[in-house]
Each structure stands twice: as C-alpha cells, then as structure tokens.
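Down below is the structure, laid out as structure tokens.
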Number of protein chains: 2
Amino acid sequence: MSGISVNGMKPRDNTVLYKDKDPLHQKDIDARDVGTPDDWVPRHPDLVRLTGRHPFNVEPPLPALMEQGFITPASLHYVRNHGAVPKLEWDSFRLSIDGLVDAPKVFTMDDLVKMPAREIPVTLVCAGNRRKEENLRKQTIGFNWGAAGHACSVWKGVLLRDVLLECGVKTPDDGANHVCFVGAESMPKGRYGTSINWFTAMDPACDVMLAYEQNGERLTPDHGYPLRLIIPGYIGGRMIKWLTEISVTEAESDNFFHFNDNRVLPEHVTAEIANAEGWWYKPDYIINELNINSAIAYPAHQELLPLEGDGQKYTVKGYCYSGGGRKVIRVELSVDGGENWTLSKLTHPEKPTEYGKYWCWCFWELEVDVSELMMGENTELLCRGWDAAMNRQPEALTWNVMGMMNNSYFRIKVHRCLHPTTSKPALRFQHPTLAGPGNFGGWFEELSLGPAEAKS
Amino acid sequence: MSGISVNGMKPRDNTVLYKDKDPLHQKDIDARDVGTPDDWVPRHPDLVRLTGRHPFNVEPPLPALMEQGFITPASLHYVRNHGAVPKLEWDSFRLSIDGLVDAPKVFTMDDLVKMPAREIPVTLVCAGNRRKEENLRKQTIGFNWGAAGHACSVWKGVLLRDVLLECGVKTPDDGANHVCFVGAESMPKGRYGTSINWFTAMDPACDVMLAYEQNGERLTPDHGYPLRLIIPGYIGGRMIKWLTEISVTEAESDNFFHFNDNRVLPEHVTAEIANAEGWWYKPDYIINELNINSAIAYPAHQELLPLEGDGQKYTVKGYCYSGGGRKVIRVELSVDGGENWTLSKLTHPEKPTEYGKYWCWCFWELEVDVSELMMGENTELLCRGWDAAMNRQPEALTWNVMGMMNNSYFRIKVHRCLHPTTSKPALRFQHPTLAGPGNFGGWFEELSLGPAEAKS
C-alpha cells in the first residue's frame, strides 16, 4: 500500500469487448432442471453437466469456449454451485459490512452502483480445472472437470477497498488482518464462505471487486446475482457468489468451507488421513493464487485431418493462464515427448492493468509440419507454459485428495487412420479426457477405464 | 498502492539475528588478489573463485554456507562482480536522484542514515545459481555457479520509496513508469545499470531498499560499499551495488547490461541467434522475480556413511527459496526417481513481513531409513519445492544461453562402497556439480567430462 494516490488513472473502456448482449443467452428452462430447486434458472443447453442434474456444475465443451474468443459470454461460462441457486431480488438485496470497522453499514445494490465503478476483464478458473486427469490416476473427492473449467469475462463493480474505506476499516495495527465473506448459498454445513488477508483486500493493485455486471449485463443467477466477489489471479473458489456479508476480523474465516475446500494436500494424504490428522487446518495448504496452466484446444478431440502430402501444415492452438498478475511469457510445443520444444506465437488480448497486472488468459498457436506428426511412432503433442516469474508447468501430475491445481503438461495423442468417409490416409487426434463423469474416449480415460466403446 | 497509510507498523528488531560481528571476516589480502585491481579488498579464503583471480565471482562451499545457518556473514556471502571493485569513501560518496521528480537531489550517506530505516533479512540469489548443471548440458555464455550462489543477511537501509517521495517523485500519470539505477562498477561497455517498474519501486510491500548495512555492519567493498540496492524476491542481478544514480523515467533503462544480462531466452536461442534476431530486446524474456528452487546440502558431496544395519537413520537436509514474497510451502524427497515423494519438515526462521511477504530461504529435513538408500539399484535422492502459488520445481533442466534460473530437481547419487579407512560397508554420496570451472567429481560432471581423476 502506498501513501501516494494514483490519481487520474482512468480505467480503460472495456465495453468494446462485449458490444452485444450475450448472443447465446437462453430464455428457456432446460428440461433437466425441471423438478430441481433451480427450475427457474435459464441455462445454455450445450454446457456439460458434471454433477448430474443438480446441483449445477458445468463447463462448456472446450471448442465452444475457444470459439467465443477472448471474452466468454455468461451463458457459456463455467459454473460451480454447491447447492440450489439463491433466489435474490435487486431491490431487497442487502450487503452488510461489520467487524473491525469504525462504521458498520448495510448497502443496497443502488448504493453500490452509485459508487465509482471498476470494469476489467478477468479470467476465472476453478481450482479443479483439469481434475479429471487426477481422478483417472486415482479418485479424488471431487468431480470430473475437463480443461474448460475457466472463462474470461468483463466484470464491473466497486472495489472492495472503496467499500471498506467507506466503513472506516481498521488496519492490521488494530488487529484487522482478514476480510471474511459469506454468500447466500446454503448447504447442510452452512452458508459458503471464505476469507482473504487484509492487504490483498485493500491493495488497489489487486483489483478485488464486488461485481454486479458481467459483460455489460447484470449478473445471471448462476454467476451470483446480484453481487459476487471477484479476486483476479486467485482461484474461483474464493470468489463468493450471492455475497451478503463481509466482516473484517483478526483471525481468518471460521467458515466450514474455508477450511474444508480449496486446499492442495500432499500426495499421501487421503480423505481419511486428512480428517484423522487435521490436514484441513494446516495453514500452508490453502490455495489462493493460480499456478501456470495451459492446454491444447485445436486439434480438438477426435478431430480428423486428411493427409495431403508434401508441405502440408496444421496450426495447433490453445490457451494459457497464470496467477497473481504474472504475465504468461511463453508457451512451447513438443512432438517428441518433451525432448525438444518449439516456441509458439502468443497473443495477449488484454492490456495489463495500470499496475502492470495480467488477469486474463492468453492464446497461443504454432504452425507445424504435418509430416512431423505423421512420421513419428506414438506421436504426442505436448504443451507447457511459463510465466514472468520463470515458473513453468511440470511434466507429471501430482495427485491430491481434492484434485486441485493440476497443471502438468497437457498431452494429445496423434493416431494414423483411414478417413471414415473417404478411406484416404488421415490423422485422428485424441485428448486425454473430456469433461464429465463418462468415458468419452480420451486416451487417459481409455488407459484407466478401458476402450470407450465398451462402456459408453 | 493505497491511500491508507499503515502507521505504527514498527519493523521487528532483527539485531538478534546477527549478535556478533562477522566472525569470519578477514583482514588480510588474499595472495590471489595481489597484482589485481582488488588488492585492497580483504576476502575470505574459503570462497570458491568461479572466474579465476579477477574479476571476483565467488560462492562459498555449500556446507560452509549451510553451517552458518539462517544468516550468512558478509564474508561468506556469494559475490558477483563484473570488474574491479570501485574504491569509494563514505564521506565523499553521493547518490543523485533526478528524472521525473519535482526536486532532483543529491544525498550524502549521512543524509540517508538520518532517514527512517528499514532492517529486514533478505535472501539474495544470483540468477545463475546452479548454472554449472546447464553448462554441463551445453556451454552457456556464463561461468560455473554451483548450488550456493545465494545467501541470506539482514539488510538495513532506507526504503527507495521514501527517498523518491523526498524528491517529489511523479506518478505514472505523468509518464513516470520506471526507476533506473546505475552503479559505479565500470566495464568496457559502460557502468552497470538496470531498472524496475515504478509500482515495484513505490510499493511499501515490496521493501525495495537502499542498503548501507549488512548484518549490523557497514557494507563491505564486495557488497557495494557504501550503498546498494536490495529488491527482495528479485534476482540479485537487479540489486545494483555501489549505487550512485537513480533516475525516474518514462522508458525502461537503456543501460547495456539491462538488456544484455539477466534474461532467460528460449532453448533454441544461441548467442549468435540472440544477437542476429534481437532477442535481448524482446521484453518478455527479462527476469525479475525468482522462481522456486531447492537443493540437498546433506549428505554433502563425497560424504561417507558407515552402514550400521537394522534401524539406521540418516537426516537429509537442504534449503529452498522462492520469489515475489511467495512462501515455500513444501519440500519433498524421492528415492525412487520421482515416482513417490515424502514430505520433509520445513523450518522458516523468518517471520513474514507486515505485508505477509516471505523474503528468505527456508530449511527442510527428512529422516530416512538408510536401508532404503542401501537396497535400491542406482539410488538417487531427489528434492523439489513448492511455493504458495502451487508452482513447483520442474523435473528436467531447460537450457538457456545465459544459463539462468535453473530450478530442475536437485539429484544426488547414492553409491555403495567399502569405507576407505575401515573397509566396512558404507554409502558414498555424489552431488551433480561443485562450483567452479574444474571437474570435481560430481556425477553430472563425470557424465559430461569423464571421470574426475583423469582430469583434475
């Protein structure tokens, strides 16, 4: 924090990023939601349901996510709900702020909208992104996220620091060390909540926001209507939706989910060991900042590439993100099992914030000689990203009981085949997993579950 | 930066960490320095010279570093000098500050000492730490750092932000984007300099300091007497010694060394390609924040362990650090090539700063069953660290032309032998490299250079 105020730094106009209303927005209630507590929430039918009909936990198919480009419409944005969507009204909604503040207050939505607004694109990532790979190694306590458990939208709201300053927030000198959040989402173990430290909450460079708009429209029910927390560069699990209570405290949150969710425990710690030995309460295993991660989107799973012969090219494409505002500075591709790596072309659609932070995913592509893919034995396409702190993705997966933060190399298998229509030589590509509980013929799925045909 | 000033946060008393004067300080001039421009600089004879007699580039033997514990005396702290040590006097020394400030000023040392002081332990790491492993893969343009190219001392000085505020520093709104530094160290290409961005310079959480004391004593000539820059969590290469000029600028430093040093370029970029294709000027390849890194210190290289039979234990020990204030949260050890990992016991001697930052190395240890080391074939001890952002060390080394930021798994070979004195069964341990230009019998040295006996 600085005594200097950075006056005159006007936020950029991000409305250009979402000129249109969400073109994919659904008005209809999906048949699968009928008879559930969510049968009033319109949802996009293409979203892949990861936990059956209810609660609603979904990601889009990876190609559908990528086709939208830099900004993901709310309707295709991944959703992580624990229970039923709280049915809240703009006019009657209240946000209370108390604890170590001089003047506890209750805000209406109109109060918040009148305050100075911040509007920036931010990539949200579920800490479980790519968990299915972990589950196929050994079952975790979590469900099967694929590689599209993340999305990037333009979020508009008021900075948390501004709201706290309005309430006369005390400082760590007075014991104000943490800021706790509770949402309206209720489970048998109580309402969902967590906390972050005071400095992150108060640092304007961290851009912690209370958001009421996504891509120029009021939030949808699945994304926290009317108000949610946005903490750029953090895991999605801390960004409380339907945010109703904020409390400034000396100790971190005592919410059940603050301790029993969003941790990465060492590999030997099973659920039984975690409970028996108190691992959920060991402070070092909490996760906040995202790590560096990337995946290959094209070629897509089961994509077919007819072979044309000499000089044929194919452009491999994917995404990459990192945490803490660290810029992604390289993504590389290997076709020889990781011995040699070729630098891809990176595209960062975002401009860094006024504080030099990168809060969004970026895109990479590399044109490869198809002959290289065709001639090798057991060819795989591997990608790995690096961030500005020279951290790069690790080769191999490290299993953990919650199945979180998997950022090992993303690997696609390349198979030679005869094109099913033309019977001419072609290549067929196979992703490791596809989101959801089934066996959809990913190579990592088939390794663990046997051929897809036999099961699906 | 924040409008809130965090008043009353008193720095801790760190003097307890270095109660005594440097017990290892040398008054004598080393015979190797006679006849060089440095023949007035007292130096510790145990330091390993990496670039011959002159210029002075040294690290201590790894066991010597570890034996000192958390705080490294100045006399055993690694040194990276490019040329002769500038001979500067406290009384006549001047620091000038100009550029985008309202009131350019010239400070004497006494001016700086009168300002509010900050005193904190900080681990400094040369970006070349563990470079010898890279050089043995393929020669880089740098010399052979071992795994002790880092050290931790208590640094006392004035915060850069306080000095800049005293000069009426302008803000990024007025184009003040960077802060440039030049030291008195002169080379054929000019004086050594670099820059950091304005926000890092001004953020009190970043603790960027102009230091005039190390462990309670004025700086030594090799460490920048009378004044040097300290940027916690950054590579040592940005911490300009003998700091004489600071300039607040719109563009980053135009110093030769700012561009031609301290970069990590992709693996295919040789020195020729770098020069021909302008890689030194591509902005993404600059390095600032350290990445996560660790090494095994005990067993030491060529350490012998007599085998005692059933129930024998050995405690493996080492260090770990990361960058950006990110806490090291795990170090793990494997004895089966990385298939299985056991969590070590971590010790963080530092307390985090008032802003929650971790600027220092930490220590880990793990008691292992000696039978496990004895019974395996081609047994290796591997360690890897994880930081709070869930970044972990990668398995394999990625070569780069400057040989920087190598943080691949540290591997020690375990050999069965007969103890040379007793002729009884024993284990002999072999590190990958030892600092310096020779072949000292590390296993990675022998792989690349042949048996040490034949050459040394």
Side-chain angles (χ1 to χ4, degrees), chain A residues 1-9 161 165 169 171-173 197 199-200 202-205 264 266-269 284-292 322-324 326-330 332 338 340-343 346 354-356 384 386-396 398 404-405 407, chain B residues 1-9 161 165 169 171-173 197 199-200 202-205 264 266-269 284-292 322-324 326-330 332 338 340-343 346 354-356 384 386-396 398 404-405 407:
Chain A
M1 318 294 121
S2 153
I4 278 202
S5 69
V6 188
N7 296 316
M9 282 192 143
R161 67 176 257 108
L165 287 170
V169 63
T171 72
D173 293 323
N197 70 50
F199 289 106
T200 304
M202 292 303 295
D203 188 346
V264 169
E267 196 153 11
H268 77 279
V269 181
D284 281 350
Y285 298 98
I286 194 168
I287 47 176
N288 286 307
E289 281 185 10
L290 293 165
N291 53 11
I292 175 92
S322 191
R326 293 184 292 280
K327 186 181 186 182
V328 172
I329 57 107
R330 294 200 217 179
E332 299 170 313
N340 293 285
W341 294 87
T342 307
L343 199 62
L346 268 185
E354 302 87 334
Y355 299 90
R384 69 178 189 192
W386 302 65
D387 71 21
M390 278 298 127
N391 284 303
R392 75 156 165 86
Q393 292 176 247
E395 285 85 330
T398 301
M404 287 182 157
M405 305 286 265
N407 69 336
Chain B
M1 319 293 121
S2 153
I4 276 203
S5 68
V6 187
N7 297 315
M9 281 194 143
R161 66 175 256 108
L165 287 171
V169 63
T171 71
D173 293 323
N197 70 50
F199 289 106
T200 304
M202 292 303 295
D203 188 346
V264 169
E267 196 153 10
H268 78 279
V269 180
D284 280 350
Y285 298 98
I286 194 167
I287 47 177
N288 285 308
E289 280 185 11
L290 294 164
N291 53 11
I292 175 92
S322 190
R326 293 183 292 280
K327 186 180 185 182
V328 172
I329 57 106
R330 295 201 217 178
E332 298 169 312
N340 293 285
W341 294 87
T342 307
L343 199 63
L346 268 184
E354 302 87 333
Y355 300 90
R384 69 179 189 193
W386 302 64
D387 72 21
M390 278 297 126
N391 283 303
R392 75 155 165 87
Q393 292 177 246
E395 286 85 332
T398 302
M404 289 182 156
M405 305 287 266
N407 69 336

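Labels below follow one simple rule: chain letters A, B, ... track the order of the sequence lines, proteins then strands, and each chain is numbered from 1. No hydrogens, no waters, no symmetry mates; every other heavy atom, side chains included, goes into these values. In this text the structure is predicted, and so the values were computed from the model without any measurement.
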Residue part contacting chain B, namely of A:I292, when any heavy atom lies under 4.5 Å: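 Both backbone and side chain.
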
How many angstroms lie between atom [atom1] of [X] and atom [atom2] of [Y], to the nearest 0.5 angstrom?
X      : Y      : atom1 : atom2 : result
B:D284 : A:K327 : CG    : NZ    : 3.5 Å
A:R392 : B:N407 : CZ    : CG    : 7.5 Å
A:R384 : B:T398 : CZ    : OG1   : 4.0 Å

Donor-acceptor contact below 3.5 Å, side chain A:E267 vs main chain B:W341: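 The answer is no, because no donor-acceptor pair under 3.5 Å joins these two groups.
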
A:Y355 side chain near B:D203 side chain, heavy-atom distance below 4.5 Å: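 The answer is no; the side chains never approach within 4.5 Å.
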
Heavy-atom side-chain proximity of B:M404 to A:M390 below 4.5 angstrom: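 In short, these two side chains do not touch, never coming nearer than 4.5 Å.
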
Option in A:N340, A:N288, A:N197, A:N391 with maximal non-hydrogen atom pairs under 4.5 Å from chain B: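 Of the candidates given, the most pairs with chain B belong to A:N391.
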
Per-residue contact mode, B:L290 against chain A (heavy atom under 4.5 angstrom):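 Backbone only.
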
Top of B:L346, B:I287, B:N291, B:I286 for chain A proximity - count of heavy-atom pairs under 4.5 angstrom: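 Winner by heavy-atom pair count: B:N291.
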
Option in B:E395, B:R326, B:E332 with maximal non-hydrogen atom pairs under 4.5 Å from chain A: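 Looking at each option in turn, the highest pair count goes to B:E395.
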
Closest heavy-atom pair and its distance - B:L343, A:Y285: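 Scanning both residues completely, I find the closest heavy atoms to be CD2-OH, 3.4 Å.
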
Closest heavy-atom pair and its distance - B:E289, A:A389: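 Closest approach of B:E289 to A:A389, heavy atoms only: OE1-CB, 3.6 Å.
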
